[in-house]
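Lettering of chains follows the sequences in order, A, B, ..., and the numbering in each one begins at 1.
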Number of protein chains: 2
Amino acid sequence: MQQNYQQKTLGILGGGQLGRMVIQSAISYNIDIHILDPDPNAPCKSICQKFVNGSLNDFDTVYSFGQECDTITIEIENVNTEALQKLADEGKDVFPQPHIIKMIQDKRLQKQFYKEKGIPTADFILTEDKADVIRNAFFLPAVNKLGREGYDGRGVQILREESDLERAFEAPGLLEKLIDFEKEIAVIVAKNPNGEIKAFPVVECAFHPTANLVEFLFSPAQVSDDIEQKAQQIAIQVIEELGMIGILAVEMFVTKSGEILVNEIAPRPHNSGHHTIEANFTSQFEQHFRAVMGMPLGNTDTRCPAAMVNLLGEEGYTGDAYVEGMDEALSQKGVYVHLYGKKTTKPFRKMGHVTILDNEVEKLKKRALHIKEMIKVKA
Amino acid sequence: MQQNYQQKTLGILGGGQLGRMVIQSAISYNIDIHILDPDPNAPCKSICQKFVNGSLNDFDTVYSFGQECDTITIEIENVNTEALQKLADEGKDVFPQPHIIKMIQDKRLQKQFYKEKGIPTADFILTEDKADVIRNAFFLPAVNKLGREGYDGRGVQILREESDLERAFEAPGLLEKLIDFEKEIAVIVAKNPNGEIKAFPVVECAFHPTANLVEFLFSPAQVSDDIEQKAQQIAIQVIEELGMIGILAVEMFVTKSGEILVNEIAPRPHNSGHHTIEANFTSQFEQHFRAVMGMPLGNTDTRCPAAMVNLLGEEGYTGDAYVEGMDEALSQKGVYVHLYGKKTTKPFRKMGHVTILDNEVEKLKKRALHIKEMIKVKA
């Protein structure tokens with residue numbers, strides 16, 4: 001039914017910064033949002049219409065939370081998909097669909113999916129435990145990934161030579177050929193229940209050398225039109241093959257030979273789309289609730305070139321957060337600071353991000369580095 | 001002290017759509033916001049960190065509300081300024097300053113202020129009551145304004161000829177020469193405690209023929225550079241003469257002879273600045289809390305030409321609000337719908353607004369009229 005989203009309640013599993021930015025955007029539409037999060041001080045707590053403090057992995061907690069909502073979605077993959085499936089079976093709109101979340105939760109199933117569907121991705125072998133990894137030493141240099149529970153850089157490590165093998169994960173995972181990539185790029189794509197599909201332009205990600213988190217992001221990516229089109233086509237292929245409704249971030253490698261390989265996917269708003277709040281006609285956060293609530297998808301065109309810098313908790317500081325350099329940053333034209341409402345900081349915790357707009361693309365890298373030096377989250 | 005806003009609580013008197021859009025923007029800065037409003041279902045209720053349901057005109061209510069805040073501001077002028085003065089005397093940051101709010105509450109004092117300070121404004125005479133207006137019939141055609149309590153078009157009427165006199169207000173007010181203006185324009189200007197002043201570009205307002213509410217707004221205004229500069233200078237002159245800290249909307253007439261006359265001022269975010277959310281580098285709502293909390297003011301440049309359409313409750317409908325035409329509007333590029341979280345509608349109630357971005361200025365009027373026809377708030 002058209003426009004049925006006006007009287008609906010949206011339930012989100014997870015109340016972190018992604019949910020917070022969804023709420024900030026949804027305020028413009030009078031959408032009632034309920035949040036479930038294990039942290040009693042989750043970033044969404046005081047701005048949602050109902051906050052439930054509880055486990056995302058407990059069947060009963062998730063099931064009873066969902067019963068009060070019309071549409072249920074996620075801002076983190078690690079949730080109880082059985083409860084979500086029951087809610088879906090009972091007629092609730094649950095997007096992304098529970099079986100897709102379940103598959104994406106396991107990187108082993110993710111990789112097999114790419115293989116089956118002919119989606120380009122790095123060669124890999126599944127490993128059951130450390131001994132199994134050691135047996136497959138011939139596959140080195142490789143990336144050793146845990147099958148489950150990896151998040152924000154955890155559960156992923158590079159094994160270059162035999163001597164690294166003793167660090168191998170002692171749990172089901174996989175070994176992926178280490179790709180000597182030229183660039184890491186990402187495309188965020190969305191699909192709504194009416195079958196409408198829209199992809200955002202390709203962005204370029206620069207990861208933190210040790211923390212394995214996105215440190216800088218640039219939009220548009222400095223790639224050829226051919227790569228731009230291929231990457232968007234691959235993202236659309238993935239969401240279509242999944243048959244998924246919602247928003248999907250597709251992280252990809254561009255190899256030195258110009259090949260595009262899918263690295264990982266996330267069925268939710270993603271760090272690689274934070275700049276869209278100011279830099280695109282529609283933000284990824286608005287696109288997320290538009291997609292899951294059956295609203296028309298928003299236009300994804302770029303309004304202005306942008307860089308995004310993650311504000312990670314400074315190394316050596318743990319405790320009540322204090323942001324250094326705010327005044328200097330806020331005095332600059334086209335600089336947008338987003339803090340996530342987290343009272344305490346710790347090394348590499350995602351405390352916020354900054355988006356920089358500049359029509360002169362070549363200035364963006366310099367300005368991003370400058371902001372990175374200027375703003376420090378300390379305690 | 002620099003950056004002291006990070007640990008501060010902002011109290012806002014009034015929890016309507018203006019406060020709601022301030023909160024939506026302040027979420028990016030972890031600012032705790034407390035709201036006082038007489039409506040238990042005020043638009044800000046479920047998104048602020050503390051909501052107090054109470055009168056804005058009761059001394060004790062306002063005083064005790066303010067005691068829990070570090071900075072206190074307003075989103076409506078009709079508040080108890082004595083309580084605000086006491087809070088200021090006791091060391092709270094109260095911006096705009098109470099004595100300025102008190103003066104602006106009374107259109108008679110406002111007009112005298114313009115006269116004293118040499119700020120161009122239409123000729124006027126003060127009237128004590130209906131009989132007094134009738135005695136001054138020679139001043140017709142004129143605009144008869146109530147001194148106090150006028151809001152959203154109430155308390156203002158045009159008296160063209162003797163026969164209109166019996167409609168004259170039976171209370172202290174004023175008679176203002178009816179200006180045969182070419183255009184109505186507005187400039188929003190802000191000043192922070194460090195003396196920094198920034199004005200937004202001039203916008204052009206088109207009022208509803210009968211409801212006397214802004215119906216359409218266009219940015220940039222179609223005026224000469226000379227008028228653009230003069231209007232901004234006048235707005236800056238007004239905030240400087242007031243010595244006011246905060247954000248000030250200055251509504252002006254451009255006469256057929258190219259003269260600029262100040263009509264009215266509002267010491268808060270204003271309907272003539274709603275487009276700044278998407279159309280300017282900084283929104284008026286962010287500029288408001290930046291100013292009163294001592295943050296650096298944001299850049300006010302235009303990012304894209306825009307039109308703004310108010311969504312007023314449709315005539316003939318009262319009750320639970322339903323917005324017609326949402327899907328069609330949301331499918332268009334550069335169209336931004338903002339609903340104000342009001343459950344019930346009534347004729348001419350401000351239920352939301354829509355901003356339209358288009359680089360082709362000449363298309364804006366047509367698109368605004370189209371949106372106006374497309375979206376209807378009914379019950």
Side-chain angles (χ1 to χ4, degrees), chain A residues 2-3 5-7 20-21 23-33 43 45-50 196 277-278 281-282 286 290 294-301 303-304 320-343 351-353 357, chain B residues 2-3 5-7 20-21 23-33 43 45-50 196 277-278 281-282 286 290 294-301 303-304 320-343 351-353 357:
Chain A
Q2 209 210 30
Q3 304 174 338
Y5 44 84
Q6 286 187 55
Q7 288 81 13
R20 183 177 167 94
M21 290 184 272
I23 292 172
Q24 187 173 21
S25 162
I27 286 171
S28 301
Y29 295 97
N30 298 353
I31 296 168
D32 275 345
I33 296 185
K45 186 182 184 176
S46 67
I47 57 174
C48 57
Q49 281 65 59
K50 182 177 180 183
E196 195 183 4
I277 296 172
E278 293 89 8
F281 278 90
T282 305
E286 174 158 341
R290 281 191 184 220
M295 298 164 75
L297 295 181
N299 177 286
T300 57
D301 294 356
R303 288 187 64 189
C304 182
D320 287 353
Y322 180 78
V323 186
E324 251 180 38
M326 282 287 280
D327 278 9
E328 196 181 345
L330 294 179
S331 305
Q332 296 188 9
K333 178 177 179 176
V335 168
Y336 299 88
V337 175
H338 295 262
L339 302 179
Y340 298 157
K342 299 174 183 178
K343 293 248 177 299
M351 300 300 289
H353 75 267
L357 300 181
Chain B
Q2 207 210 31
Q3 304 172 338
Y5 44 85
Q6 284 187 55
Q7 288 80 14
R20 183 175 168 95
M21 290 184 273
I23 292 171
Q24 188 173 22
S25 162
I27 286 171
S28 301
Y29 294 97
N30 298 351
I31 296 168
D32 275 347
I33 296 186
K45 185 181 183 176
S46 66
I47 57 174
C48 57
Q49 280 65 59
K50 182 177 181 184
E196 194 183 4
I277 296 171
E278 293 89 9
F281 278 90
T282 306
E286 175 158 341
R290 280 191 182 219
M295 298 164 75
L297 295 181
N299 178 287
T300 56
D301 294 355
R303 288 187 64 189
C304 181
D320 287 353
Y322 180 79
V323 185
E324 253 181 35
M326 281 287 280
D327 278 8
E328 196 181 345
L330 294 179
S331 306
Q332 296 189 9
K333 178 177 180 177
V335 168
Y336 299 88
V337 175
H338 295 262
L339 302 179
Y340 298 157
K342 299 176 183 178
K343 293 247 176 301
M351 300 300 290
H353 76 267
L357 300 181

**Item:** Derivation of the side-chain contact (heavy atoms from CB on, under 4.5 Å) call for A/Val323 and B/Asn30
**Value:** CA-CA 11 Å; A/Val323 186; B/Asn30 298 351; over 6 Å; no

**Contact origin within B/Asp301 toward chain A - heavy atom pairs under 4.5 Å** = side chain

**Request:** Provide the closest heavy-atom pair for A/Ser28 versus B/Gln24 in the form atom of the first, atom of the second, distance.
**Result:** OG-NE2, 3.0 Å

**Request:** Could you check which of B/Lys333, B/His338, B/Gln49 has the highest count of heavy-atom pairs closer than 4.5 Å to chain A?
**Result:** B/Lys333

**Asked** Looking at A/Asn299, A/Thr282, A/Leu330, which makes the most heavy-atom pairs under 4.5 Å with chain B?
**Response** A/Leu330

**Fill in**
Heaviest contributor of heavy-atom pairs below 4.5 Å to chain B, chosen from A/Ile47, A/Leu297, A/Leu357, is A/Ile47

**Complete:** Bottom line for B/Tyr340: the part with an atom under 4.5 Å from chain A's heavy atoms is backbone

**Request:** Under 4.5 Å, counting heavy-atom pairs only, tell me which of B/Glu286, B/Arg303, B/Arg290, B/Arg20 racks up the most with chain A.
**Result:** B/Arg303

**Prompt:** So how far is it from B/Ser25 OG to A/Ile27 CD1, rounded to the nearest 0.5 Å?
**Reply:** 10.0 Å

**Fill in**
Tightest non-hydrogen contact, residues B/Phe281 and A/Tyr336, listed as O-OH, 2.6 Å

